[in-house]
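Worth saying up front: this structure is predicted, and the values here are computed from it rather than measured.
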Amino acid sequence: MLLGIVGTGTVIAGWAMITATGLVSERSLPSPTAVATSLPLVLADPDLHAGLADTLLTWLGALALASAVAIVLGVLIGTVPWLARPAMVAVNALRSIPSTALIPLAILLFGLGPAMKGAVAVYAVAPIVLINTIYGVAGTEPMRIDAARSMHWPWWRRWAWLVLPSATPAIVTGIRVASGIALVVVVSAELLGGRSGAGLILVQYQQALRIDMAYACITVIGVVGMALYGLLTLAERRTIARIHLV
């Protein structure tokens with residue numbers, strides 16, 4: 001925590017030096033003082049509250065849908081060895097296409113509503129959870145599976161008691177990594193073509209030439225993202241610790 005505070009303070013100090021020396025125009029980069037002054041106004045803006053709620057709801061829905069589909073497919077692919085290689089080729093081919101490049105196509109298919117943002121976010125993060133699930137399932141101890149077969153366990157019991165617990169650390173790690181990417185993609189979609197969300201509020205501040213409020217809005221979104229990442233990291237640690245205890 002101390003190192004994080006020192007690092008943040010160093011960034012703010014460097015930011016203040018750049019604006020004080022005039023290396024960058026204040027029209028492009030307001031001083032930290034100006035942004036801090038605008039922060040209470042941004043926090044009190046009801047439009048930002050509604051925009052953040054819309055962004056977080058889309059983020060949560062996209063992350064949940066992508067995780068559910070990816071976990072089911074990952075368990076299936078990881079359990080059937082001959083599916084792994086062609087599946088990984090297909091996943092890596094899809095990952096080579098940036099998710100933001102598909103925003104125009106998503107607008108044509110889904111319009112400018114939450115479905116567009118959610119679809120792009122699902123496309124961006126599902127491969128991450130899928131790959132982690134496949135590797136997690138493939139890392140299940142073979143001797144444990146052989147022991148379960150020797151005791152004539154049905155397939156569903158082997159999956160529920162052996163495969164999924166063994167793959168859970170990799171799965172929750174994939175979800176944690178995907179969560180940050182999902183938030184970035186949702187906000188990016190809002191910036192480029194959304195009708196609602198925190199990204200749209202940021203664009204409105206920029207168009208009104210309130211650059212200080214735009215940077216304050218970016219700060220709020222960043223803090224929210226850090227809080228979500230911290231909560232998921234804590235959940236990941238507790239989940240892994242509980243599995244290790246079992």
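- The nearest pair of heavy atoms linking A170 to N132 is O-ND2, 3.0 Å.
- In the hydrophobic clustering of ILVMFWY residues, with side-chain heavy atoms under 4.5 Å counting as a link, L56 and V187 come out together.
- Each of V72, V69, L73 was checked for a side-chain contact (heavy atoms from CB on, under 4.5 Å) with L130, and the lone residue meeting it is L73.
- A search for side-chain hydrogen bond (donor to acceptor under 3.5 Å, both in side chains) contacts involving T55 returns E190, not counting sequence neighbours.
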Checklist entry - Can T133 and I171 be said to form a side chain to side chain contact (heavy atoms under 4.5 Å, CB included), step by step? => result CA-CA 5 Å; T133 303; I171 293 173; 3.5 Å; yes

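- Under the 4.5 Å side-chain heavy-atom criterion for grouping Ile, Leu, Val, Met, Phe, Trp and Tyr, F110 is not connected to V186 through any hydrophobic cluster.
- Shown here are the side-chain hydrogen bond (donor to acceptor under 3.5 Å, both in side chains) partners of S38, two or more places apart in sequence or in another chain: D212.
- The two residues A124 and V185 come nearest to each other via the heavy atoms CB-CG2, 3.7 Å.
- What you find for A214 and L202 is that their closest heavy atoms are O-CD1, 3.2 Å.
- Taken together through direct or relayed side-chain contacts under 4.5 Å among Ile, Leu, Val, Met, Phe, Trp and Tyr, L29 and I12 form parts of separate hydrophobic clusters.
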What pairs of donor and acceptor atoms, side-chain ones from residues 218-226 against any protein atom, are under 3.5 angstrom apart with sequence neighbours left out?
| from | atom 1 | to | atom 2 | distance (Å) |
| --- | --- | --- | --- | --- |
| T219 | OG1 | Y215 | O | 2.9 |

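- Pairs of residues two or more places apart, or lying in two chains, that qualify as salt bridge (Lys or Arg N to Asp or Glu O under 4.0 Å) and include a residue from residues 161-185 are R176-E236.
- Here OG1 of T58 is found 10.5 Å from CG of L183. Values are rounded to the nearest 0.5 Å.
- For residues 57-76, no residue pair satisfies the salt bridge (Lys or Arg N to Asp or Glu O under 4.0 Å) rule, not counting sequence neighbours.
- In this structure, L52 and L48 have side chains that are in contact, with non-hydrogen atoms separated by less than 4.5 Å.
- A single hydrophobic cluster is seen to contain both V125 and L105, as judged by linkage of ILVMFWY side chains at heavy-atom distances under 4.5 Å, directly or through other members.
- Minimum interatomic distance between S179 and L63 (heavy atoms only, all atoms of both residues): CB-CD2, 3.9 Å.
- Applying the salt bridge (Lys or Arg N to Asp or Glu O under 4.0 Å) rule to pairs touching residues 45-70 yields D54-K117, sequence neighbours excluded.
- The 12-atom threshold is not exceeded at OH of Y135, counting heavy atoms of other residues, nucleotides or ligands nearer than 6.0 Å.
- Using a 4.5 Å cut-off between side-chain heavy atoms of Ile, Leu, Val, Met, Phe, Trp and Tyr, with links allowed through other members, V184 and I128 fall into different hydrophobic clusters.
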